[in-house]
2 protein chains.
Amino acid sequence: MFLITSVERDTGIGRDRLRVWERRYGFPIPVRNKHGKRVYSEQQIRTLQLIKRLLDQGMHPGKLVGLSDSQLNTISQDLSTKNQLKLIINDRMNEFIDCVYCNDTQKLWGLLEQTLIQQGLKTFIIESLAPLITTVGDQWAAGHLNIFEEHFITHQITLFLDSTISKIPVISNTSPVLLATFPGENHNLGLLMIECLLKDKGQLTVNLGIEVPMDQLVMACQRYKSKVILLSFSSAYSNSGLRTELNDLAQQIPDHISVYVGGSGVKKMRKFPKQVILTHRLQNILDLDFS
Amino acid sequence: MFLITSVERDTGIGRDRLRVWERRYGFPIPVRNKHGKRVYSEQQIRTLQLIKRLLDQGMHPGKLVGLSDSQLNTISQDLSTKNQLKLIINDRMNEFIDCVYCNDTQKLWGLLEQTLIQQGLKTFIIESLAPLITTVGDQWAAGHLNIFEEHFITHQITLFLDSTISKIPVISNTSPVLLATFPGENHNLGLLMIECLLKDKGQLTVNLGIEVPMDQLVMACQRYKSKVILLSFSSAYSNSGLRTELNDLAQQIPDHISVYVGGSGVKKMRKFPKQVILTHRLQNILDLDFS
DNA sequence: AACACCATTTTGTCTATAACAAAATAATGT
DNA sequence: ACATTATTTTGTTATAGACAAAATGGTGTT
């Protein structure tokens, strides 16, 4: 039913990777059409999506690819309960999650606005929004939410943050902090939360958005006379050449510019190039002084 | 300096394509590092980006790849002037373009709001916003705007449309029209403009956003009980398997559901599957009755 | 001249297998 | 307990040929 390109797009697993898994682990083995091309079944794609979810959470192919669906599901559930234990789910969080399940936009916006006013921007983002986003991600990873439902919620939160950001007045005329993600990383909630926190602190920001090619990053850096670049990496970001790319970036920008990287996609990394600094938690951003 | 993966990401031209161009047209011929891997220069990447721009505008590799930079620039300029002739640039349009050049967000929002109030939503979108977006695209294609500048403007217009959409009250409780783009197509302004027009007509809409995998489209269709799907394709969308994908979609949804496709990415296509209908102009959307 | 139909060229994607660097894990010694 | 080294795992790249789908050109018909 599906050619290898479709599978690549629907699962996020590259062609070469699919072929080498087929040879090494004996999965997925597609049937062939009359031209000898690989044709994958819908079931195989679903299994691959499940595998991808587990890989994104830090598992490794050798221990996943080739297992039966029920075995994979068991692993997924174990991981899911393990994650839930780490997360403190209070009443307010439950209310948010209810909105997500019911797809109730009106109620969600009401709750967001209410919580924002009650807690203030900083607390709201660190203690309410960030855990909420993590929870939604877990729900999706556990298969309790469809992708399109997760997208919908993500979009609503994005709109809320965008409108919040535009309402924060910034008086400072120091050089702006540049925010962006690398090509291949298309999650922007992390960037938006950081932008909020920085603007709240009075820091000028320029958010270049997601998937910014490196040459554009360098040019924007010159254009806006920025001294600080902030890059966000989600857990779904998998680029074996990340270190190389960070080195490239460090080479292309002047020495006095600092690059901060953050997000679960880089938290396991050690040894960064000079100029590049790892920020472990959202809170740390606030302690930084970019003057 | 750059490995083939970086080139793929920075230019949007796939690895296989780069290698086959090298074989066929003798460009780009990279040097090799000590491991025998292809290493491309920054200049080669810039040339490839220029070629990609021209390909997106309908030119063909055989007539481009291998030409010198000056020859490519000549072609680019010819095309640019040809496009400008087709476009009626009035005073208001010039004002908009000035904002784009000056990067003046405040003024841009002011102008957008003012024009929206003066012209009304329908005229605003069809006669002001759509030409503006085309013009910005042309300016980028002609190299007068950096990619990050174009992204910035696109983002501002996106925010403006999103906020406009959220302000339109919809009373109708008929089944919603589903809006989406296929994976590989990441332009959402087309979708947003259509969503505006439909909501203005009183039509309920659900915008699934960009790059929606087909299975998600099918599931959302069931979930929201939609009878109409609208897909948008920009000129940058190049997928040789588009016909196959539309066939797949037509197979996976019930017969009574219609799929409308639009945008410059499909305007040259002939012969669509049953259920799939081509809408040539934005205006046509308004004439449709989805009851 | 406009249009449909067929032949030819162009173009991108896919196949196959081997090779190897980079990342992750295990094993070792201090 | 921690750093260093060996081993395994894993993803990406290389090679060249094949071929379907798209684009182009040419022919004939209305």
Side-chain angles (χ1 to χ4, degrees), chain A residues 2-9 11-25 27 29-40 51-52 54-55 58-66 184 237-247 265-272, chain B residues 2-9 11-27 29-40 51-52 54-56 58-66 184 237-247 265-272:
Chain A
F2 299 94
L3 294 176
I4 198 164
T5 314
S6 310
V7 180
E8 177 176 21
R9 284 196 163 154
T11 64
I13 303 163
R15 275 166 290 191
D16 298 316
R17 221 164 145 195
L18 287 168
R19 284 194 275 256
V20 90
W21 282 5
E22 182 180 335
R23 199 168 5 129
R24 285 196 188 136
Y25 312 115
F27 180 86
I29 295 186
V31 296
R32 302 296 180 122
N33 66 10
K34 58 179 175 180
H35 310 303
K37 308 288 171 71
R38 288 173 172 79
V39 177
Y40 297 84
I51 290 172
K52 182 61 166 29
L54 295 171
L55 290 181
M59 312 240 77
H60 290 270
K63 290 164 186 167
L64 293 175
V65 185
Y237 183 77
S238 63
N239 182 353
S240 55
L242 174 57
R243 179 162 293 120
T244 321
E245 295 206 37
L246 285 174
N247 274 319
V266 284
K267 71 178 170 198
K268 283 188 294 187
M269 267 186 86
R270 315 250 170 267
K271 287 180 186 173
F272 291 90
Chain B
F2 298 94
L3 295 176
I4 198 164
T5 313
S6 311
V7 180
E8 177 177 23
R9 285 199 162 149
T11 63
I13 302 164
R15 275 166 287 191
D16 294 322
R17 221 163 148 196
L18 288 167
R19 286 195 274 253
V20 91
W21 281 6
E22 183 182 336
R23 217 188 321 157
R24 286 199 187 131
Y25 311 116
F27 181 88
I29 294 187
V31 296
R32 301 296 180 121
N33 67 10
K34 57 179 175 179
H35 309 302
K37 305 289 169 72
R38 288 173 173 80
V39 178
Y40 298 84
I51 290 172
K52 181 60 167 28
L54 295 171
L55 290 182
D56 287 348
M59 312 240 77
H60 291 270
K63 289 164 187 166
L64 293 174
V65 185
Y237 183 79
S238 63
N239 182 352
S240 55
L242 175 57
R243 180 163 292 119
T244 320
E245 296 207 37
L246 285 174
N247 273 319
V266 284
K267 71 178 172 201
K268 283 187 293 187
M269 266 186 86
R270 316 248 171 266
K271 287 180 188 174
F272 290 91

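Chain letters run A, B, ... following the sequence lines, proteins first and then strands; every chain starts at 1.
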Fill in: Distance-minimising heavy-atom pair for Arg17(B) and Gly12(B)
NH1-O, 4.4 Å
Worksheet item: Over how many whole Å does the gap from Leu3(A) atom CG to dC19(D) atom P extend?
Response: 17 Å
Worksheet, complete the sentence: Note: Met59(B) and Leu55(B) closest approach over all heavy atoms is O-CD2, 3.5 Å
Discussion item. Going by the rule side chain to side chain contact (heavy atoms under 4.5 Å, CB included), which residues pair with Val65(A) if we only count those two or more places apart in sequence or in a different chain?
Written reply: Trp21(A), Tyr25(A), Phe27(A), Ile51(A), Pro61(A)
Worksheet entry | Contacts of Arg23(B) that satisfy side chain to side chain contact (heavy atoms under 4.5 Å, CB included) - sequence neighbours left out | Val20(B)
Worksheet entry | Separation of atom OH in Tyr40(A) from atom P in dC14(C), rounded to whole Å | 10 Å
Discussion item. Under 4.0 Å from OP1 or OP2 of dT10(C): is there any side-chain N or O of Arg17(B) that close?
Written reply: no
Practice prompt. Report the distance from atom CD1 of Ile4(B) to atom CD of Glu8(B), rounding to the nearest 0.5 Å.
Written response: 7.5 Å
Worksheet item: Is the phosphate of dT10(D), meaning OP1 or OP2, less than 4.0 Å from a side-chain N or O of Tyr25(A)?
Response: yes
Practice prompt. Taking the side chain as every heavy atom from C-beta outward, state whether Arg32(B) and Arg38(B) have any pair of such atoms under 4.5 Å apart.
Written response: yes
Discussion item. Using 0.5 Å steps for rounding, measure from the CG atom of Leu54(B) to the NZ atom of Lys63(B).
Written reply: 13.0 Å
Got a list of protein N/O to nucleotides 18-21 of chain C N/O distances below 3.5 Å?
| unit_1 | atom_1 | unit_2 | atom_2 | d |
| --- | --- | --- | --- | --- |
| dA21(C) | OP1 | His35(B) | ND1 | 3.2 |

Worksheet item: Using a cut-off of less than 4.0 Å, is there contact between a side-chain N or O of His60(A) and OP1 or OP2 of dT25(C)?
Response: yes
Worksheet item: Met59(A) CE to dT9(D) C1': how many Å, rounded?
Response: 15 Å
Worksheet item: From the list dC14(C), dT10(D), dG12(C), which nucleotide is the closest neighbour of the side chain of Thr5(A)?
Response: dC14(C)
Worksheet item: Quick one: Ile4(A) CD1 to dT13(C) C1', roughly how many Å, whole number?
Response: 11 Å
Practice prompt. Can you tell me the distance, in whole Å, between the CD atom of Glu8(A) and the C1' atom of dG12(C)?
Written response: 14 Å
Worksheet item: Nearest of dT12(D), dA16(C), dT13(C) to any side-chain atom of Arg15(A)?
Response: dT13(C)
Discussion item. Restricting to salt bridge (Lys or Arg N to Asp or Glu O under 4.0 Å), what partner residues turn up for Arg19(B), sequence neighbours left out?
Written reply: Asp16(B)
Worksheet item: Roughly, in whole Å, what's the span from CG in Leu64(A) to C1' in dA24(C)?
Response: 14 Å
Practice prompt. State whether Trp21(A) places a side-chain N or O below 4.0 Å from either non-bridging phosphate oxygen (OP1 or OP2) of dT10(D).
Written response: no
Worksheet item: Nearest to the side chain of Arg19(B) - dG11(D), dA14(D), dT11(C)?
Response: dA14(D)
Response to the item:
By nearest-heavy-atom nucleotide on DNA chain C, the more 5' of Leu55(B) and Val39(A) is Leu55(B)
Worksheet item: Given that Gly62(A) and Asp16(A) both sit by DNA chain D, which one's nearest nucleotide is further toward the 5' end?
Response: Gly62(A)
Identify all pairs in which a protein N or O lies below 3.5 Å from an N or O of nucleotides 6-8 of chain C, and state each distance.
none

Item to complete: Please report, rounded to the nearest Å, how far the P atom of dA16(D) is from the CD atom of Glu22(B).
Response: 10 Å
Worksheet item: Could you state the NZ-C1' distance from Lys52(A) to dG11(D), rounded to the nearest angstrom?
Response: 14 Å
Discussion item. If you only use heavy atoms from C-beta on, which nucleotide in dT13(D), dG11(D), dA16(C) is closest to the side chain of Pro61(A)?
Written reply: dG11(D)
Discussion item. For a quick check of understanding: with a heavy-atom distance under 4.0 Å over all strands, which category does Arg38(B) fall into, base, sugar-phosphate or nothing?
Written reply: sugar-phosphate
Worksheet item: Per the end-axis method with five pairs at each terminus, what is the bend angle of the helix from dA1(C)-dT30(D) to dT30(C)-dA1(D), to 10°?
Response: 40°
